[in-house]
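One structure below.
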Amino acid sequence: MVRTRFAPSPTGQLHIGGARTALFNFLFAKKNNGKFILRIEDTDLERSKIEFEKMIIEDLKWLGINWDEGPDISGNYGPYRQSERLELYRSELKKLIDKGLAYECYCTEEELEVQRKLQLKEKKPPIYDRRCLNLTKKQKEEYINQGRRPSFRFLVPYKNLEYTDLIHGLIKIDTSLISDPIIMKSNGIPTYNFACVVDDYYMNITHVIRGDEHLDNTSRQILIFEALGYKPPFYSHIPMILAPDRTKLSKRHGATSVKELKDLGFVPEALVNYIALLGWSPKENREIFSIDEIIPKFDFDHILDHPAVYDMEKMKWINHYYLSNILPVSKIVEYIKDFKIENFQDSNMDLLYKIVEFERNRAYLLNDFVQVYDLIVNDEISYDSEVPYNDFSSILNKIKDYLVNIDFGSIESIKEGLKFTQKELNLKTADVYKPIRFALTAKLEGIELPKLLYLIGKDKVMKRIEKYLNIYV
RNA sequence: GGCCCUGUCGUCUAGAGGACUAGGACACCGGCCCUUCAAGCCGGAGACACGGGUUCGAAUCCCGUCAGGGUCACCA
């Protein structure tokens with residue numbers, strides 16, 4: 001039985017890269033009728049916050065990536081928070097100590113830092129020199145008397161290690177180049193590389209799918225698996241997602257967390273579709289897939305092994321496609337209500353539905369609907385005095401006389417009315433449309449004018465035009 | 001600096017030695033539609049990092065160079 005896991009540390013919001021890692025783990029598990037596990041790696045006491053865990057869980061659920069076992073669901077391999085598994089790590093550490101494969105280290109962080117800098121300065125790789133490996137009992141006592149608490153290091157066996165990564169293929173490493181990693185901190189909390197191994201083993205994880213940045217950790221982890229006498233899982237290191245400047249994605253690159261993207265007006269179906277296509281592609285020339293359509297197609301053969309730069313424009317296009325072609329109007333309305341929309345009253349539900357119907361073919365983000373909503377509901381229009389369009393007044397004075405007589409019953413009748421007006425006044429379409437739109441919204445572009453008029457209604461249309469005419473006499 | 005990973009249009013990618021005049025999508029440019037702005041439809045431009053091999057034949061295999069990324073924490 002295939003078992004995969006997504007193991008975020010709750011030290012921040014769910015990142016687009018993390019979301020994709022979760023997605024791939026989810027897809028692979030589902031494809032193989034396996035289980036997908038959510039494990040919280042909260043061994044960093046300083047930075048881990050329960051709020052972040054909640055946010056990550058919320059974002060994952062919003063995306064439609066659901067797990068079979070996790071901190072909020074019972075399972076046979078729990079608990080699913082590392083902070084609740086401390087006893088296990090300690091007993092596993094003891095096994096290593098008994099085998100002579102882990103040793104106490106009394107070096108302080110400051111001492112290690114000094115040594116590291118020295119090595120780097122001499123252009124040497126910063127590797128721990130094992131100075132604490134053969135400490136006598138007396139030396140240890142002295143350190144303890146000084147008030148030092150030991151951390152534990154894993155004794156790396158020097159050899160040529162080979163393993164197969166499901167995406168990169170055969171990987172060879174000379175382990176003598178690896179520093180003995182600290183596996184248990186002096187505060188009694190395990191370190192990532194240790195807790196991860198212990199949990200992957202005890203949770204029966206068969207496939208570890210994670211970002212390329214963990215490739216170097218893998219050799220350490222396999223070594224620990226072997227030292228414990230456990231069989232390591234299969235590893236798949238998926239390429240990283242890079243910012244447009246080809247560096248690691250970070251805050252300074254703008255919206256990169258799922259929450260931010262959600263607040264920008266992206267819809268989960270589109271987001272999932274887009275991130276699935278970053279680093280993976282199906283055989284067909286197709287761009288639009290629902291998560292359920294991807295599951296049977298998903299395989300490691302089509303995961304790329306080079307990083308992908310993420311492109312907000314394409315993400316927007318996919319969002320636009322879902323808004324205009326895929327999602328039902330009711331679903332979009334639901335998302336909009338969930339979205340930040342000020343002064344919304346349930347009595348305007350009908351209006352919202354109409355806006356979605358009329359505007360979906362133009363909208364790229366949910367925010368586009370909200371803007372139209374505001375345009376229609378808000379009668380306080382602030383015309384930018386800088387805009388030199390006061391000359392609309394004379395035309396508008398003529399147009400309004402025709403406008404009063406137009407039948408606002410349907411979009412078609414409005415269209416006809418406008419055409420009639422335009423012909424009577426011997427004007428171009430633009431010369432009729434632009435002034436009306438500007439008087440109504442203080443903008444020169446947007447939703448189709450007849451639709452705008454229909455949604456605002458004749459009364460308000462006439463009032464707004466009068467108001468405009470009063471300002472620009 | 002050591003080690004590891006990677007290099008196809010600006011970006012995401014198709015490509016598993018001959019089907020490649022290198023295909024698709026976003027963005028870009030042009031046209032059509034509508035005598036508004038868009039959307040939509042049609043078309044255009046645009047890439048195998050470089051240099052050596054191997055082979056009858058290389059985007060595809062090998063080596064080197066260059067370039068990018070990752071990593072070397074009592075962070076994960």
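For clarity, every value in this text was computed on a predicted model and none was experimentally measured. In what follows, chains carry the letters A, B, and so on, assigned in the order in which the sequence lines appear, proteins first and then strands, with residues in each chain numbered from 1.
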For the pair A/F28 and A/F298, name the ring-plane relationship: parallel under 30°, tilted 30 to 60°, perpendicular over 60°. perpendicular
Aromatic ring pairing A/F438/A/Y468, orientation class (parallel under 30°, perpendicular over 60°, tilted between): perpendicular
Rounded at 0.5 Å granularity, tell me how far CG in A/L96 sits from CE in A/M184. 9.5 Å
Any side-chain N or O of A/K248 below 4.0 angstrom from OP1/OP2 of B/rU71? yes
Please state the P separation for the pair B/rG40 and B/rG64 - nearest whole angstrom. 48 Å
Distance, rounded to the nearest Å, where A/L304 contributes CG and B/rG68 contributes P: 21 Å
Distance check needed: B/rG40 C1' versus A/E359 CD, whole Å only. 14 Å
By nearest atom, which of the nucleotides B/rA76, B/rU35, B/rC72 is closest to the A/R220 side chain? B/rC72
Polar pair under 3.5 Å, donor/acceptor by atom type, side chain A/S186, base B/rC74: yes
Nearest to the A/T247 side chain among B/rG69, B/rU36, B/rC74, which nucleotide is it? B/rG69
Examine B/rA76: is either OP1 or OP2 under 4.0 Å from a nitrogen or oxygen in the side chain of A/T43? Give yes or no. yes
Using a cut-off of 4.0 Å on non-hydrogen atoms, how would the nucleic acid contact of A/L278 be classed: base, sugar-phosphate, or nothing? sugar-phosphate
C1' atom, B/rC9 versus B/rU65: distance in rounded Å? 24 Å
Measuring only the C1' atom in each nucleotide, how far is B/rG70 from B/rA59? A whole number of Å is fine. 26 Å
Rounded to the Å, how far apart are A/L120 CG and B/rC72 P? 12 Å
Taking 4.0 Å as the cut-off, does a side-chain nitrogen or oxygen of A/S281 come that near to OP1 or OP2 on B/rA14? yes
For B/rA49 and B/rC42, measure between their P atoms and round to the nearest Å. 31 Å
Tell whether A/D216 reaches the base of B/rG70 with its side chain through a donor-acceptor pair below 3.5 angstrom. yes
Report which part of the nucleic acid A/C107 touches: base, sugar-phosphate, or nothing (heavy-atom distance under 4.0 Å, all strands). base
Both distances below 3.5 Å, Watson-Crick or wobble geometry, any strand: find the nucleotide opposite B/rC28. B/rG44
Residue pair A/M240/A/R47 against RNA chain B: nearer the 5' end by closest nucleotide is A/M240
Between CZ of A/F234 and NE2 of A/H207, what distance do you get to the nearest 0.5 Å? 5.5 Å
Nearest listed nucleotide, side chain of A/Y433, among B/rC5, B/rA76, B/rU36: B/rU36
To the side chain of A/P125, which of B/rC37, B/rA76, B/rG1 is closest? B/rG1
Winner on side-chain proximity to A/P126, out of B/rA14, B/rU35, B/rG1, is B/rG1
Under 4.0 Å, heavy atoms only, any strand: does A/L277 hit a base, just the sugar-phosphate, or nothing? sugar-phosphate
Respond yes when some side-chain nitrogen or oxygen of A/H320 is under 4.0 Å from OP1 or OP2 of B/rG40, and no when none is. yes
Side chains of A/R360 and A/F369, heavy atoms from C-beta outward: is any pair under 4.5 Å? yes
Kindly point out which of B/rA76, B/rC12, B/rC37 is positioned nearest to the side chain of A/R362? B/rC37
With a cut-off of less than 4.0 Å, is there a side-chain N or O of A/K185 near OP1 or OP2 of B/rC75? yes
Parallel, tilted or perpendicular for A/F225 and A/Y201, by the 30°/60° rule? perpendicular
Provide the distance between the two C1' atoms, one in B/rG44 and one in B/rA27, to the nearest whole Å. 14 Å
Which whole-number value in Å describes the distance from A/I275 CD1 to B/rU11 P? 21 Å
Mate of B/rU60 across any strand shown (Watson-Crick or G-U wobble, both atom pairs under 3.5 Å) is none
A/D368 CG to B/rA38 P, in whole Å, measures 15 Å
Could you say whether A/P282 or A/A430 is positioned toward the 5' end of RNA chain B, judged by the nucleotide with the nearest heavy atom to each? A/P282
Rounding to an integer number of angstrom, what distance separates B/rA47 and B/rU21 when you compare their C1' atoms? 14 Å
Please check if the side chain of A/S413 supplies one atom and the backbone of A/S410 the other of a donor-acceptor pair under 3.5 Å. yes
Does A/H168 have a side-chain nitrogen or oxygen under 4.0 Å from the phosphate oxygens OP1 or OP2 of B/rU6? yes
Could you check which nucleotide pairs with B/rA39 in any of the strands shown, counting Watson-Crick or G-U wobble with both distances under 3.5 Å? none
For B/rC50 and B/rA22, measure between their P atoms and round to the nearest Å. 15 Å
Ignoring hydrogens and geometry beyond distance, is the side chain of A/R437 in donor-acceptor contact with the base of B/rC37 at under 3.5 Å? no
Say you pick atom C1' in B/rC63 and the same atom in B/rG24; how far apart are they, in whole Å? 33 Å
Taking OP1 and OP2 of B/rU35, is either one under 4.0 Å from a side-chain nitrogen or oxygen of A/K419? yes
So which nucleotide from B/rG24, B/rU6, B/rU35 ends up closest to the side chain of A/T429? B/rU35
Does A/E41 reach a base, just sugar-phosphate, or nothing at all? Heavy atoms under 4.0 Å. sugar-phosphate
Evaluate the side-chain proximity of A/I144 to A/R148: yes if any heavy-atom separation is below 4.5 Å, no if none is. no
Looking at the side chain of A/K434, which of B/rU11, B/rU36, B/rA39 is the nearest nucleotide? B/rU36
Of B/rC72, B/rG68, B/rC75, the nucleotide closest to the side chain of A/R246 is B/rG68
Counting only Watson-Crick pairs (N1-N3 plus N6-O4 or O6-N4) and G-U wobbles (N1-O2, O6-N3), all under 3.5 Å, who is the partner of B/rC66? B/rG7
Determine which nucleotide pairs with B/rC33, using a 3.5 Å limit on both distances of a Watson-Crick or G-U wobble pair. none
In whole angstrom, what separates A/L118's CG from B/rG1's P? 18 Å
Quick one: is A/R116 getting a side-chain N or O under 4.0 Å of the B/rC72 phosphate, OP1 or OP2? no
Rounded to the nearest 0.5 Å, what separation is found between the OG1 atom of A/T218 and the CG atom of A/D165? 7.0 Å
Once you measure the plane-to-plane angle for A/Y128 and A/Y103, does it fall in the parallel (<30°), tilted (30-60°) or perpendicular (>60°) bin? parallel
Expressed as a whole number of angstroms, how long is the span from A/L112:CG to B/rC74:C1'? 8 Å
Mate of B/rC20 across any strand shown (Watson-Crick or G-U wobble, both atom pairs under 3.5 Å) is none
Quick one: the side chain of A/N217 and the base of B/rA76, do they pair up donor-acceptor inside 3.5 Å? yes
Across all strands shown, which nucleotide pairs with B/rU71 by Watson-Crick or G-U wobble geometry, both distances under 3.5 Å? B/rG2
Using the side-chain heavy atoms of A/S9, tell me which of these nucleotides is nearest: B/rA76, B/rC12, B/rU35. B/rA76
Base B/rU11 paired with A/E313 side chain (donor-acceptor, <3.5 Å): no
Interatomic distance, A/D212 CG vs B/rC3 C1' [rounded to whole Å]: 15 Å
